Asks: 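This is the structure, below, for whatever I ask next.
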Protein chains: 2
Amino acid sequence: MTQLEPGAVADSTAVETKLGRKRDHTRDPEILAAALEVLAETGFDGMTIDMVATRAKAGKATLYRRWPSKNELVIDAVACMKLGDLDQARLPDTGTLRGDLVAMIKPRSIEDAEKKMQIMAGLMSMLSATPEMAHAANNAIVKPRAEANRFLMQRAVDRGEISPACDIDTLCLVTPSMAAYRTLIERKPVDRDFLITLIDGVLLPALGLRGDADPAGRGKVAPPAS
Amino acid sequence: MTQLEPGAVADSTAVETKLGRKRDHTRDPEILAAALEVLAETGFDGMTIDMVATRAKAGKATLYRRWPSKNELVIDAVACMKLGDLDQARLPDTGTLRGDLVAMIKPRSIEDAEKKMQIMAGLMSMLSATPEMAHAANNAIVKPRAEANRFLMQRAVDRGEISPACDIDTLCLVTPSMAAYRTLIERKPVDRDFLITLIDGVLLPALGLRGDADPAGRGKVAPPAS
DNA sequence: AAGATCCGGAACTCCACAGTATCGTATAGA
DNA sequence: TCTATACGATACTGTGGAGTTCCGGATCTT
């Protein structure tokens, strides 16, 4: 094809080829992205190589030139998954733990997590058979979120907002676990209300803070932005 | 075959047949049990009708005489799944919430839950495509456990051990959710230590009780205003 | 322009499994 | 013993998808 849709992915086809022998497979990103999409929509078993190829506007042969099997392709796709904006440097810092936790609830973030959960659902059948897949999936999908929570909670400990005796290692998994459960099994939406309920009904009480009221004297409760 | 293994399932084949036209499919229980076993071991997509038939020492035709398709068989198997010993009448009553929660941790119960989780993992790929399956699975596998937790917590509220302001509806889902996450995604064992950690590190603190000690003052938790 | 390289598309093979059909046999009732 | 019924085993068919091969065309190199 001579031209690409302008909207989708930027034309990266004819970039590196001038380096003579350097011809790596420049279509990899599109293909991996397509694989993730199909994975989220149909699950691993429902997904066919043709679907991925078609979605990526690639030939099936191209996929097999790069990955030896469907399994490898999916593992690669999950491993190369972009992680979203969960870098510790970019996490909110509102002065209170509740403020931070609430500030992490953004439409963008929710949507991102939802898509990841769909992917996770599609991978479930594969997890028990392929341990490396289980590992890759956990690392790419849920661990980052748990780590972000742990960071926020640890900072709250450091500033004296919550007690160091709190079981942060366990508590930072509450939100990811219950969100996963809600999406994968209950099939209910993980929306803002649900997350607020988790924060005020589980996390903060467990940390010795009251739900949506300002605890001791520490000010700065971020207004739940409506 | 003339004889059956004595150990396995009691010979229920030649029981009802004397009722003339009453010949219902007396092998159903064995077949459904076999289906659940295979489901737990290989997942829905890896499971074949032959596996189930072989496991149940039945012919493939027998399965198709009873269920029109693989889908229906699995749905039936999950729906008919025995629920374990979670009847409210038989729940522990030790006098304290912590005592009750800890008393629910029994090897039998853990093992049972683990098997259910394996089945749930095998069903995941089916859930999005078959809503009735999602519903059946949730009802049969996790809801009973959440309901048991809710019952124990509500009793604790009634006896004044914890505040009525606590978000029991959410908290009764903490254990099932985090156990599911740990089994399905982290692939770690849900053992006694983990469950105790949940009770003392999340549930009781969130309910205003201290982890492993009895809160002398039993301070009423201030209701989340507004 | 000529040659080389890579890609998209499509046709092909092979195999596993869903679902069907057939047959021999065990059991129950007469 | 004779008949009927349900079952187990097995052979068979059809289909869908993994993986392979081939070809025409596009792009870059020389």
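Note that the structure is predicted; figures quoted are calculated from it, not measured. Chain letters run A, B, ... following the sequence lines, proteins first, then strands; residues in each count from 1.
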Asks: Under 4.0 Å between a side-chain nitrogen and a carboxylate oxygen: does that hold for R55(A) and E41(A)?
Replies: yes
Asks: Could you give the CZ-to-C1' distance, from R55(B) to dG8(D), as a whole number of Å?
Replies: 18 Å
Asks: Just verifying a value: how many Å separate L97(B) CG and L101(B) CG, rounded to the nearest 0.5 Å?
Replies: 4.0 Å
Asks: Between the base of dG8(C) and the side chain of R27(A), is there any donor-acceptor pair under 3.5 Å?
Replies: no
Asks: Please figure out whether D50(A) or A61(A) has its closest DNA chain D nucleotide nearer the 5' end.
Replies: D50(A)
Asks: Taking the six-membered ring of F44(B) (Phe, Tyr or Trp), confirm whether the NZ or CZ of K70(B) is under 6.0 Å from its centre and within 45° of its axis.
Replies: yes
Asks: Any side-chain N or O of T62(A) under 4.0 Å from OP1/OP2 of dC7(C)?
Replies: no
Asks: Counting only side-chain heavy atoms from C-beta out, which of dG8(C), dG17(D), dA18(C) sits nearest to T48(B)?
Replies: dA18(C)
Asks: Does a side-chain N or O from Y64(A) land closer than 4.0 Å to OP1 or OP2 of dT20(D), or not?
Replies: no
Asks: Under 4.0 Å between any heavy atoms, over every strand shown, what does A53(A) touch: base, sugar-phosphate, or nothing? Just pick one.
Replies: nothing
Asks: Quick check: any donor-acceptor pair below 3.5 Å linking the side-chain of K60(A) to the base of dG19(D)?
Replies: yes
Asks: When all nucleic acid strands are considered with a 4.0 Å heavy-atom cut-off, which category describes M51(B): base, sugar-phosphate, or nothing?
Replies: nothing
Asks: If the threshold is 4.0 Å, N to carboxylate O, is there a salt bridge linking E114(B) and R182(B)?
Replies: no
